[in-house]
Amino acid sequence: MANILLTGAAGFIGSHLATELTAHGHFVLGIDNFCTGRSINLDGLKTNKDFDFLEHDISKPFPIACPVSRMKFDWVMHFASPASPPKYFAIPIETMLVNGEGTRHLLDFAHASRAKFFYSSTSEVYGDPLVHPQTESYWGNVNPIGVRSIYDEGKRYGEAITYAYHRAKKLDVRVIRIFNTYGPKMDPEDGRVVTNLLMQAIRGQEFTIYGDGKQTRSFQYVSDLIEGVIRLMDVDYNQPVNLGNPNEFTILELAKEIEKLTGKALQMTFRPLPSDDPKQRKPDITTAQRLLNWEPRVQLAEGLKLTHEYFAKI
Ligand code: UDP
């Protein structure tokens with residue numbers, strides 16, 4: 001059993017991860033400042049004796065008086081960050097700080113605690129990729145001053161400082177690059193494509209398609225991601241690992257899947273493509289397959305059905 005400090009515990013991915021870690025017999029201290037996380041995501045965890053929670057903005061260090069500053073952990077897992085484009089456009093400085101200052105404070109904390117450090121990075125480090133599919137060795141094609149740079153460069157800085165601590169202080173680190181992930185517990189108003197289109201289908205509104213809808217994404221169901229994270233914790237490997245589902249869809253194909261699922265044919269309204277919106281994205285998952293014997297199991301139709309059930313219920 002490990003003692004784990006997990007940031008972003010009230011987020012979509014963090015709350016699933018906290019639940020799964022406690023199911024594996026670990027104790028989790030979750031941290032979140034609710035800037036995009038939601039307290040509803042903690043509902044099932046509140047009665048869990050292996051879970052505790054602290055509301056804190058991780059871009060600031062723990063106050064000396066805070067009991068956490070004296071606690072010892074085996075793992076510090078940093079999953080706190082806005083991740084949906086409209087959300088991080090709204091709070092650009094906070095997004096940079098949680099991945100910049102936040103990562104630095106947590107690295108210091110992990111080092112002092114002799115804990116291992118787990119950083120959740122993103123496929124956005126590849127920017128608008130010129131290599132397809134994206135392997136971990138690809139350096140990416142990122143606009144350093146564009147609207148998405150707060151997230152893309154924030155995460156690239158997060159990775160860079162993680163490897164600085166790994167090299168200079170011998171910190172034992174794990175880094176994952178998460179490709180588009182969806183599932184229950186997403187904020188129905190987060191503005192991402194899966195949530196927007198599912199909610200539009202539920203409400204009988206027109207589908208909003210940005211650009212011509214021919215850009216691609218590869219959608220991973222959340223349980224597959226969590227399985228990859230848990231497996232990586234047990235493996236002695238410090239390099240970045242892509243975690244995503246390599247089945248690639250255009251946004252128009254995603255809309256068709258949702259029409260099939262809900263049995264409703266909806267009108268489409270085309271809107272301008274946001275700046276620097278990547279044209280294609282698909283993970284090369286050879287590293288995860290080889291290292292973790294891992295592969296996504298939930299395909300799009302099934303994952304959309306489970307997510308649709310969640311949105312319809314709430
Ligand atoms: N998108 C869309 N309609 C929407 C929301 C998003 O066509 O209502 C597009 C968006 O421009 C992008 C893709 O869907 O090309 C995925 O967007 P999302 O915000 O889910 O995540 P991203 O992969 O861009 O971070």
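One-based numbering, in listed order, for ligands and for the atoms of each.
The other residues sharing a hydrophobic cluster with Y88 are F89, M96, V147, I150, Y151, where clustering joins ILVMFWY side chains under 4.5 Å apart.
Per-residue contacts place E124 under 4.0 angstrom from the following atoms of ligand 1 (heavy atoms of the residue considered): 25 (O). Atoms of ligand 1 found under 4.0 Å from any heavy atom of I209, numbered from 1 in the order shown, are 7 (O). Within ligand 1, the atoms closer than 4.0 Å to a non-hydrogen atom of N196 are 4 (C), 5 (C), 8 (O), numbered from 1 in the order shown.
Summarising the contacts of atom 15 (O) of ligand 1 with N180, T122, D277, the nearest heavy atom is found in D277.
Taking 4.0 Å as the cut-off, P85 counts as a neighbour of ligand 1 on heavy-atom distance. Proximity of R271 to ligand 1 is not established, as no heavy-atom distance is less than 4.0 Å. Ligand 1 is never approached by Q200 to a heavy-atom distance shorter than 4.0 Å.
F109 places a side-chain heavy atom less than 4.5 Å from the side chain of V68. In this structure, H26 and N3 have side chains that are not in contact, with every pair of non-hydrogen atoms separated by 4.5 Å or more.
The protein heavy atom nearest to atom 13 (C) of ligand 1 is I251 CD1, 3.7 Å. Annotation: atom 25 (O) of ligand 1 to nearest protein heavy atom, R148 NH2, 3.0 Å. Remark: minimum distance from atom 23 (O) of ligand 1 to any protein heavy atom is reached at R217 NE, 2.6 Å.
When the options E124, R281, R192, Q220 are evaluated for a side chain to side chain donor-acceptor pair (under 3.5 Å) with N180, the one that passes is R281.
Although no hydrogens or angles enter the test, the distance criterion places a donor-acceptor pair under 3.5 Å between the side chain of W294 and the main chain of D224.
Counting heavy atoms of neighbouring residues, nucleotides and ligands inside a 6.0 Å radius, atom CD1 of I314 exceeds 12 of them.
For ligand 1, the polar-atom distance check against R192 finds no nitrogen or oxygen pair separated by under 3.5 Å.
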**Report entry** Evaluation steps, side chain to side chain donor-acceptor pair (under 3.5 Å), between Y165 and D108
**Finding:** CA-CA 9 Å; Y165 275 67; D108 279 334; 2.7 Å; yes

